[in-house]
Amino acid sequence: MTKFATVRDYLASLPESQREITGELVPLIEATLPEAGAIWQGHPVWSLGPAPGRTPVCYVKAYSTYVTFGFWRGQEITDPSGRLEPGARQMAGVKLRTLADIDAEAFTTWLRTARDLEDRAGD
C-alpha cells in the first residue's frame with residue numbers, strides 16, 4: 001500500500017478518470033468541511049474536532065473502476081434518491097464511475113447533514 005502525506009498527494013496519484021471525478025467532488029466536500037481533510041487509513045477522510053480524537057465525517061476512496069464517496073453515519077442521512085448504499089456499522093456511500101454520477105445538490109445536502117449529525121453528537 002502506497003503511503004500518502006496529504007489529500008492532494010493521494011488525488012494526484014489517481015488515474016485521470018478518477019482525478020476528474022475527485023476534482024469535482026473534493027471542492028464540494030471542502031466547501032462544507034474546510035481544512036478538515038487528512039489521510040487516514042490510506043485514503044482521504046474529512047473529520048471534525050481537535051486532534052487527537054477527531055470525529056470522521058466522510059471519506060473518498062478509489063478502487064480500480066470507481067471512487068467511493070462515503071459517510072461514517074451515512075445510514076442516518078435521509079436520501080430520497082436512494083443512491084446511498086448501506087455499508088458496515090452506520091456507514092453508507094455512493095460509487096462514482098463518471099462525472100455524471102456527481103449530483104452537487106444532493107452531495108452538498110448529504111455533507112451538511114453528516115456534519116450536523118457529528119456537531120450534535122459533540123454537544
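These figures come from a predicted structure and were not determined experimentally. One is the number of the first residue; the rest follow in order along the sequence.
- Smallest separation of non-hydrogen atoms from Gly74 and Leu84: O-CD1, 4.1 Å.
- Distance CG/Asp101 to NZ/Lys95: 11.5 Å, rounded to 0.5 Å.
- Nearest heavy atoms, Gln75 versus Ala92: N-CB, 3.8 Å.
- Scored by the side chain to side chain donor-acceptor pair (under 3.5 Å) test, Asp9 finds Thr6 as partners (sequence neighbours excluded).
- Side-chain heavy atoms closer than 4.5 Å link hydrophobic residues (I, L, V, M, F, W, Y) into clusters, and following such links, even through other members, never connects Ile21 to Val45.
- In this structure, Pro56 and Ser47 approach most closely via the heavy-atom pair CA-OG, 3.4 Å.
- For CZ of Arg112, the number of neighbouring non-hydrogen atoms (other residues, nucleotides, ligands) closer than 6.0 Å is 12 at most.
- No donor-acceptor pair closer than 3.5 Å links the side chain of Arg115 to the backbone N or O of Leu48.
- With Arg19 contributing its side chain and Leu14 its backbone, the two residues share a donor-acceptor pair below 3.5 Å.
- Side chains of Ile102 and Phe69 form no contact here, defined as non-hydrogen atoms less than 4.5 Å apart.
- The OG1 atom of Thr108 lies 10.0 Å from the CD1 atom of Ile29; values are rounded to the nearest 0.5 Å.
- Although no hydrogens or angles enter the test, the distance criterion places no donor-acceptor pair under 3.5 Å between the side chain of Gln18 and the main chain of Leu11.
- Side chains of Val94 and Trp110 form a contact here, defined as non-hydrogen atoms less than 4.5 Å apart.
- Residues Cys58 and Phe107 form no side-chain contact, since every pair of their non-hydrogen atoms from C-beta on lies 4.5 Å or further apart.
- Distance check: Glu118 CD to Arg73 CZ gives 4.5 Å after rounding to the nearest 0.5 Å.
- Other residues sharing a hydrophobic cluster with Tyr63 under the 4.5 Å side-chain heavy-atom criterion for ILVMFWY residues are Tyr66.
- Scanning for ring-ring contact (aromatic ring centres under 6.0 Å, His included) contacts around Tyr10 gives Phe4, with sequence neighbours left out.
- Linking ILVMFWY residues whenever their side-chain heavy atoms come closer than 4.5 Å, directly or via other members, places Leu99 and Val26 in the same cluster.
- When the side chains of ILVMFWY residues are joined at heavy-atom separations under 4.5 Å, either directly or via intervening members, Val7 and Val67 end up in a single hydrophobic cluster.
- Considering every non-hydrogen atom in both Val57 and Ala114, the closest pair reads CG1-CB, 3.7 Å.
- Rounding to the nearest 0.5 Å places CG of Leu117 at 9.0 Å from CD of Gln90.
- Taken together through direct or relayed side-chain contacts under 4.5 Å among Ile, Leu, Val, Met, Phe, Trp and Tyr, Leu25 and Met91 form parts of separate hydrophobic clusters.
- When the options Val60, Leu111, Thr32 are evaluated for a side-chain contact (heavy atoms from CB on, under 4.5 Å) with Trp46, the one that passes is Val60.
- Under the 3.5 Å distance criterion, the side-chain polar atoms of Ser81 are matched with a main-chain donor or acceptor of Arg83.
- Glu30 places a side-chain N or O within donor-acceptor distance of the main-chain N or O of Glu35, the cut-off being under 3.5 Å.
- For the pair Pro27 and Thr22, the tightest heavy-atom approach, listed with the atom from each and the gap, is CD-O, 3.9 Å.
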